[in-house]
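Reviewing the structure listed below.
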Amino acid sequence: MLTSDLLIEILKNITKVIETNKQYLCDIDAAIGDGDHGFNMNKGFKAVAEKLDVVKDSDCGTILKTTAMTLISTVGGAAGPLYGTAFLKAAKVVDGKKDLDNEDIVKMFDEGIKGVIMRGKAEQGEKTMLDALIPAFEEIKRALDSGSSSPEAFIRATKAAHDGVEYTKTIRATKGRASYLGDRSIGHQDAGATSSYLIIKTISDTINK
Amino acid sequence: MLTSDLLIEILKNITKVIETNKQYLCDIDAAIGDGDHGFNMNKGFKAVAEKLDVVKDSDCGTILKTTAMTLISTVGGAAGPLYGTAFLKAAKVVDGKKDLDNEDIVKMFDEGIKGVIMRGKAEQGEKTMLDALIPAFEEIKRALDSGSSSPEAFIRATKAAHDGVEYTKTIRATKGRASYLGDRSIGHQDAGATSSYLIIKTISDTINK
Amino acid sequence: MKKIINNPENVVNEMLEGIVKAHPEYVKRVEGFDVLVRAEGPVKGKVALISGGGSGHEPSHAGFVGKGMLDAAVAGEVFTSPTPTQVFEGIKAADSGKGVLMVVKNYTGDIMNFEMAAELADAEGIKVDSIIVNDDVAVEDSTWTTGRRGVAGTIFVHKIAGAAAEKGLSLQEVKRISEKVVKSVRTMGMSLTSCTVPAAGQPGFVLADDEMEVGLGIHGEPGTHRTKIKSALEITKELMDKISADINLKEKDEVAVLINGLGGTPLMELYIANNEADKLLKERGIITHKTIIGNYMTALEMAGYSISLLLLDAELKELLDYKADTPAFKQA
Amino acid sequence: MKKIINNPENVVNEMLEGIVKAHPEYVKRVEGFDVLVRAEGPVKGKVALISGGGSGHEPSHAGFVGKGMLDAAVAGEVFTSPTPTQVFEGIKAADSGKGVLMVVKNYTGDIMNFEMAAELADAEGIKVDSIIVNDDVAVEDSTWTTGRRGVAGTIFVHKIAGAAAEKGLSLQEVKRISEKVVKSVRTMGMSLTSCTVPAAGQPGFVLADDEMEVGLGIHGEPGTHRTKIKSALEITKELMDKISADINLKEKDEVAVLINGLGGTPLMELYIANNEADKLLKERGIITHKTIIGNYMTALEMAGYSISLLLLDAELKELLDYKADTPAFKQA
Ligand SMILES: Nc1ncnc2c1ncn2[C@@H]1O[C@H](COP(=O)(O)OP(=O)(O)O)[C@@H](O)[C@H]1O
Ligand SMILES: Nc1ncnc2c1ncn2[C@@H]1O[C@H](COP(=O)(O)OP(=O)(O)O)[C@@H](O)[C@H]1O
Ligand SMILES: [Mg+2]
Ligand SMILES: [Mg+2]
Ligand SMILES: [Mg+2]
Ligand SMILES: [Mg+2]
């Protein structure tokens with residue numbers, strides 16, 4: 001069960017984790033992109049954190065929509081529209097709800113990922129955030145289907161996301177800035193996949209606390 | 001006695017010496033000027049050397065005038081007009097003569113230096129080529145007056161020119177590019193004084209050979 | 001990092017202020033946003049042309065706001081696409097009712113942010129269309145990738161679409177002409193040095209003293225390959241060969257040439273490169289109608305340059321020669 | 001040394017070729033000399049304005065050859081004054097019988113070479129006069145030194161004297177107006193990096209990663225002092241204070257501002273500096289009539305900039321605003 005209070009806490013923790021990893025994400029992006037992913041994400045989530053007080057008593061839909069709109073209006077780059085769209089689509093699923101059950105969680109994730117795909121026109125295996133998000137989502141589904149609790153499911157999802165990040169090292173980018181490098185992108189991990197992994201890990205850490 | 005053949009030899013030797021010292025003169029100029037004095041001089045004397053074959057049977061006036069015009073039309077910078085004017089004025093003194101006596105030599109030097117002063121409006125002590133030329137000239141006069149031979153006089157002049165270069169290290173530039181530096185020019189030797197010293201030394205080495 | 005800046009986080013804002021103060025006769029700022037619009041805008045009776053992208057490419061794009069070129073420019077953070085909110089403000093400020101054409105360089109971020117802005121504008125009933133510039137032949141244009149990047153060739157779109165809009169053509173016409181420019185322009189660049197994003201504080205990559213990077217993007221992204229530094233002739237030939245092969249130039253074809261400095265290259269070197277480019281074109285019997293040379297699409301202080309060739313027809317030629325009056329591009 | 005060049009000994013020649021090929025509608029070359037004159041020159045019925053100096057300051061001076069500015073530009077080797085022979089060719093090619101005014105920057109070499117050229121011209125019966133620009137307040141103007149250097153303020157002389165000549169004024173009048181500009185303009189600059197003369201192959205001086213040089217010349221000559229790098233605000237204030245003190249600006253005075261890049265500075269930084277300069281002028285109640293910003297008088301790839309202030313009166317204002325059409329300066 002995910003309450004709106006817990007959701008607020010998760011978002012606050014994501015802000016902290018992104019801030020801590022700002023330079024790390026930039027360095028990863030610098031190797032095969034333009035080195036700004038950490039700044040972009042940090043700018044966005046700092047803005048989100050500032051808005052959270054205003055919506056702290058709202059339903060999950062409002063919280064996620066505010067998060068989405070804030071990311072969209074502050075991040076820019078590729079990450080802004082992608083994460084923004086993900087949160088926006090997730091928000092729609094839980095509109096008006098203060099407490100979310102496992103079904104909501106799965107649906108939220110599913111819609112969020114579909115949003116990323118719709119916006120970015122990428123698929124799994126193109127060395128993007130999807131390579132962390134999709135395996136994580138599939139693991140959540142599998143875990144919940146087999147009767148695991150959501151905290152347990154997220155522990156497994158975190159592992160899957162991490163594997164996804166590792167997988168991005170082995171492939172050639174065909175979407176995003178790194179695709180310009182051709183085969184030279186192989187050997188480097190994807191920045192967006194890394195931030196997605198950090199976000200899933202933070203959700204897991206927060207609900208497992 | 002200075003013959004036109006010896007004059008040609010002197011000019012060829014100057015060309016070689018300047019070429020050998022190209023980088024050295026640039027480095028000196030770089031410290032307090034713009035680092036091109038060696039290039040400028042080298043460009044000019046290489047052009048002079050090319051012209052020497054044409055005038056090799058001419059009188060000293062023609063040889064020096066050709067040298068002057070070539071320097072004026074190829075060197076540029078501060079050194080071009082100054083050395084060019086010096087040679088031009090010296091040429092006038094010996095117009096039509098194939099053999100020069102000591103009196104001619106003194107007069108040539110005197111007029112040449114006056115040309116530098118007329119063109120550059122500097123005087124001794126301003127950290128320019130004059131700080132090598134004037135003491136050298138005075139030493140030549142002194143030596144010849146006291147009955148020395150011209151080869152002897154030039155050995156003494158070379159020493160005086162060298163002292164002049166050393167002296168430029170102790171003073172502040174008030175003319176030329178180095179003057180913009182104010183007191184920061186103290187401690188560095190002047191590039192033009194150094195090339196003047198090299199020229200006098202080459203005359204001396206050639207006639208003492 | 002050596003830069004004449006105050007706070008690295010505030011460079012875009014201070015730059016925009018400095019632009020408005022330098023060129024009040026050309027541009028004004030949309031209050032509260034990183035958007036510059038024509039001083040007299042929105043201009044009645046014309047399609048509005050807007051562009052933008054990450055900052056750090058100055059004079060692109062704000063320097064081209066003015067008569068005969070752009071109506072508005074939207075500035076993102078350095079090398080980061082502006083947000084849909086910012087672009088949407090640009091659209092609103094530029095639109096005079098005849099529709100808006102967005103000139104977008106082909107980067108995932110730019111495409112998505114401008115697309116979302118268009119969705120917002122659409123919801124408010126503003127007619128918006130877009131043209132995607134993808135002139136960089138360094139990058140392979142395959143269906144499996146995001147395709148070619150948009151680089152300096154974008155200037156030709158600004159100039160020619162700008163002239164079309166200024167002459168009062170419809171949105172559909174301006175878009176058709178823009179598409180023709182995009183189809184007819186190719187660019188390739190190289191660099192001698194990297195550049196430093198102020199907020200990052202260190203260069204995106206490092207080149208050894210005898211190395212150059214060929215085919216790189218305008219954000220300090222690594223290029224297609226790195227080699228020992230070559231002569232102006234060899235470099236220019238490599239770029240020209242790649243471009244000409246791609247655009248399939250034939251004898252008697254007429255082109256416009258853009259020799260674009262990346263920010264840190266002395267004009268002397270650009271002219272030396274132009275001397276080589278011109279010789280190569282003449283050798284092939286290609287006619288140079290116009291040469292544009294200088295810093296137009298830069299990557300901060302990067303040393304290097306790109307060559308763009310635009311294959312002309314009568315329509316493009318007339319619009320290219322049409323008068324323009326902006327801070328960074330003026331033509332009588 | 002990293003440069004897009006072929007042979008270091010041939011950079012000036014190849015650059016001039018590249019300029020003529022890029023701008024045939026503006027300039028042509030005097031065959032066999034490093035001199036560019038107006039494509040349509042000599043222009044009948046007007047005083048000819050010529051300038052020149054060492055190369056490496058592009059677009060100065062060839063970039064300003066055209067309507068309303070220069071009639072000819074003479075290019076020396078990099079950072080080396082051109083010879084009298086070259087200048088004399090410029091004089092002959094530009095003169096249409098109404099006399100020639102030479103705009104000379106105050107360097108010993110330039111002064112002497114231009115002076116000797118004038119002597120040659122005089123011997124051929126050509127009316128020649130000269131104006132010496134000495135705007136650099138970094139250097140003390142005392143009777144014991146060669147006086148101040150001529151730097152970026154020279155652009156204002158080109159522009160204003162150029163307008164006066166274009167309007168058909170006499171040599172005497174054009175000279176009077178030029179003298180007024182020289183009296184009314186002051187400049188000071190700073191740099192973050194050195195620059196490398198191609199033939200030398202290594203930088204003229206070296207600055208540490210956290211150092212800047214203040215008050216330096218445009219040839220890589222060391223400046224007046226070296227300090228830790230400061231903010232755009234502090235740097236701009238230091239330059240502005242020195243300039244304003246020297247020219248004694250008062251409230252309500254009207255000025256033209258030139259924020260001049262030295263070649264390797266991104267436009268972004270120039271605009272940030274302009275933002276500060278504008279604030280400082282407003283604080284003192286000084287009115288900015290016009291701002292010119294970009295690379296006008298450069299020192300190869302040097303990073304840094306200079307500020308020039310020109311105190312205006314009605315006459316200078318009118319001539320400054322007069323139309324100009326040259327490769328590097330256009331005004332409707
Ligand atoms: N089309 C796409 N679909 C999904 N993710 C993408 C796409 N393009 C880029 N990304 C993700 O965005 C990340 C880069 O984000 P960021 O650095 O903030 O933007 P930019 O590339 O504009 O600088 C990449 O590492 C990748 O994971
Ligand atoms: N007014 C002057 N009178 C005499 N010599 C001068 C004068 N100005 C400069 N010089 C000499 O010229 C030298 C510099 O020559 P060079 O480097 O070729 O020219 P530039 O200073 O134009 O680069 C100085 O070292 C100095 O000796
Ligand atoms: Mg990035
Ligand atoms: Mg010198
Ligand atoms: Mg980016
Ligand atoms: Mg010099």
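Below, chains carry the letters A, B, ... as their sequence lines are ordered, and counting in each starts from 1. As a basis for the values below, the full set of heavy atoms in this structure was taken, side chains included, without hydrogen atoms, waters or symmetry mates.
In this structure, chain B has a heavy atom under 4.5 Å from the backbone of D:Asn106, while its side chain stays farther away. For D:Pro82, the part sitting under 4.5 Å from any heavy atom of chain B is the backbone (N, CA, C, O) and nothing else. Within the 4.5 angstrom heavy-atom criterion, no atom of D:Glu89 approaches chain B.
At least one side-chain heavy atom of D:Tyr107 sits under 4.5 Å from a side-chain heavy atom of B:Arg177. Side-chain contact check for D:Met112 versus B:Leu82: some heavy-atom pair is nearer than 4.5 Å.
Taken to the nearest 0.5 Å, the OG atom of B:Ser73 stands 13.0 Å off from the CZ atom of D:Phe88. Rounding to the nearest 0.5 Å places NZ of B:Lys121 at 10.0 Å from OG1 of D:Thr108. Note that CD of D:Glu77 is 10.0 Å distant from OG1 of B:Thr74, once rounded to the nearest 0.5 Å.
Other residues, nucleotides and ligands place more than 12 heavy atoms under 6.0 Å from the NZ atom of D:Lys92. No more than 12 heavy atoms of other residues, nucleotides or ligands sit less than 6.0 Å from atom NZ of B:Lys107. Other residues, nucleotides and ligands contribute over 12 non-hydrogen atoms within 6.0 Å of the NZ atom of D:Lys3. In B:Lys89, the NZ atom is not crowded: 12 or fewer heavy atoms of neighbouring residues, nucleotides or ligands sit closer than 6.0 Å.
The pair D:Glu9-B:Lys43 fails the salt-bridge criterion, with no side-chain N (NZ, NE, NH1 or NH2) lying under 4.0 Å from an Asp/Glu carboxylate O.
Among B:Cys26, B:Gly77, B:Gly38, the residue making the largest number of heavy-atom pairs under 4.5 Å with chain D is B:Gly77. Comparing B:Gly80, B:Gly35, B:Gly176 by heavy-atom pairs within less than 4.5 Å of chain D, the highest count is held by B:Gly176.
D:Thr83 approaches B:Ile72 most closely through the heavy-atom pair CB-O, 3.1 Å. The two atoms that bring D:His225 and B:Arg184 nearest to each other are N-NH1, 3.5 Å, heavy atoms only. Taking both residues in full, the closest heavy atoms of B:Pro81 and D:Met116 are given as CB-SD, 3.4 Å, listed atom of the first, atom of the second, then distance.
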